[in-house]
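Scroll down for the structure; my scribbles are underneath it.
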Amino acid sequence: MFSFPVELRYEGRARFLSPLLPSSRGFAPSSLPAFFNPASKLSRDLAVLFLKAYFEDGKITLCEPLAGTGVRSIRIILETGLVDYALANDISKNAYELIKVNAKLNNVEDKLEASNLDANELLASRGRGKPRFNYVDVDPAGSPARFMENGFRGCGRNSILGATATDLSALTGSKPLSCLRKYDSHPVKTPFLKEVAIRVLAGFMVRTAARIGLAAEPVFAFLKDYYTRVFVKVSPGIDRAKKILKQIGWICYCPRCLALYTYRVNDVPVSSCTRCLSPLLSAGPLWLGKLFSEEIVRKMLEHAYGGLDIYREAASLLEYMLNEDTSLIGYYPVNTISSILKVNPVKPRIIVDKLRDRGYRASLTHLDYSAFKTDAPPEIIKDVFLSLSSM
Ligand SMILES: C[S@@+](CC[C@H](N)C(=O)[O-])C[C@H]1O[C@@H](n2cnc3c(N)ncnc32)[C@H](O)[C@@H]1O
Ligand SMILES: [Zn+2]
């Protein structure tokens, strides 16, 4: 039936055919006859949990323009119970054939349609007599940038667009020109580079939506291993779009004294450190608003605990996120501070408690388990480290 060897796999409630995966670890999923990456299971788990938490009992339509085997759409249908209609598309003929067979294998042919188009062609044609979707999941290998504007064109009123980026070298500042080319943003290498990555992607999504008169507001975002994902709520309206754009800005970092500054589009830019007068490194434009709310994370966790055993990995990440304050910008890995001060590293949890004891805001972050976030100035952070190391 297929011109390449396939195997039956199980993930969540789905059973599906994928190309036969090489037994060697570290194979490139994009070199397979059709794309499948078992390591992206957590990304699929979190998409399921997010949609359950966000849409609750409503009925939705979804579009997965870059679907590979179709496992993501099938899992969303089977595990959320929310989907009336799903369109899973892939430009690869092999992937398209797999999606059709996998829909049958899971008895969801009545809900899942397969198509074999270029993602941009598919998405750009929506709205002209063809209904838009409540959820669009843009999940490419690499950057989602070239699908973003049409991704938003595929979004209906009050919908969600979720996008993955795996090009972390561009987003974290290792390849600044690639970031400028794809995301119109300039990242810099800082100790909190993963947060720069997630905020550059979120900011790019907000700005791309605004360009076509849509307001996109980040409602859930995370970064794990080799990829980051941002989910935005999409609603029409130029005024609303402009209001959200006020949360676009720059993060400035002082490499000498570690101070952090931010300024937004309407603020006066900051260029040198008010503490030590050193020139600052600036990353942006990027999103400076919240990346997720405690409410959405709590709801996702409830679904994770009340659901399948396989959500355990998602639950442990969500537990971490539950106490993360994403209105605090940036983070400090404990090793960065301890090597500057030439003292032994201290557990981030202890630093967070001590900073709170002194009246500052502080939290852990899922972006780096060895780091903490805070609004305390560098001299207070250093003082806390020194007092702990002398104990
Ligand atoms: C990362 S994979 C998708 C994985 C899938 N979403 C999942 O969760 O398993 C990206 C897919 O996009 C497809 N693709 C690449 N360029 C495309 C394009 N221009 N239009 C449609 N599909 C495309 C590839 O064939 C590949 O199957
Ligand atoms: Zn400084």
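The first residue in the sequence is number 1, and the count goes up from there. Numbering of ligands and ligand atoms starts at 1, following listing order.
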**Request:** Answer yes or no for Ala141: is there a heavy-atom contact with ligand 1 below 4.0 Å?
**Result:** yes
**Message:** Taking the six-membered ring for Trp, are Phe36 and Phe16 closer than 6.0 Å centroid to centroid?
**Reply:** yes
**Request:** With the side chain counted from C-beta on, respond yes when Ile160 and Val234 share a heavy-atom pair under 4.5 Å apart, and no when they do not.
**Result:** no
**Request:** Check if Pro140 has a non-hydrogen atom at a distance under 4.0 Å from any atom of ligand 1.
**Result:** yes
**Message:** Under 4.0 Å from a heavy atom of Arg44: which atoms of ligand 1 are those, numbered in the order shown and with their elements?
**Reply:** 7 (C), 8 (O), 9 (O)
**Fill in**
Cys276 SG to Cys257 SG via the Zn ion (ligand 2), rounded to 10°, gives 120°
**Request:** Could you tell me whether ligand 1 has any atom less than 4.0 Å away from a heavy atom of Thr69?
**Result:** no
**Prompt:** Using heavy atoms and a threshold below 4.0 Å, how should the contact between Leu117 and ligand 1 be classified: side chain, backbone, both, or neither?
**Reply:** backbone
**Prompt:** Relative to ligand 1, is Ala119 under 4.0 angstrom through side chain, backbone, both or neither, heavy atoms considered?
**Reply:** both
**Request:** Taking the side chain as every heavy atom from C-beta outward, state whether Tyr332 and Ile351 have any pair of such atoms under 4.5 Å apart.
**Result:** no
**Prompt:** Hey, what's the angle at the Zn ion (ligand 2) spanning SG (Cys273) and SG (Cys254), nearest 10 degrees?
**Reply:** 110°
**Request:** Have a look at Val71, Asn89, Asp139, Ile91 and point out the one with the heavy atom closest to atom 22 (N) of ligand 1.
**Result:** Ile91
**Residue pair His366 / Leu223: nearest heavy atoms and the distance that separates them** = NE2-N, 3.1 Å
**Request:** Report the part of Ser43 (side chain from C-beta onward, or backbone N, CA, C, O) that has a heavy atom under 4.0 Å from ligand 1; answer both or neither where that applies.
**Result:** neither
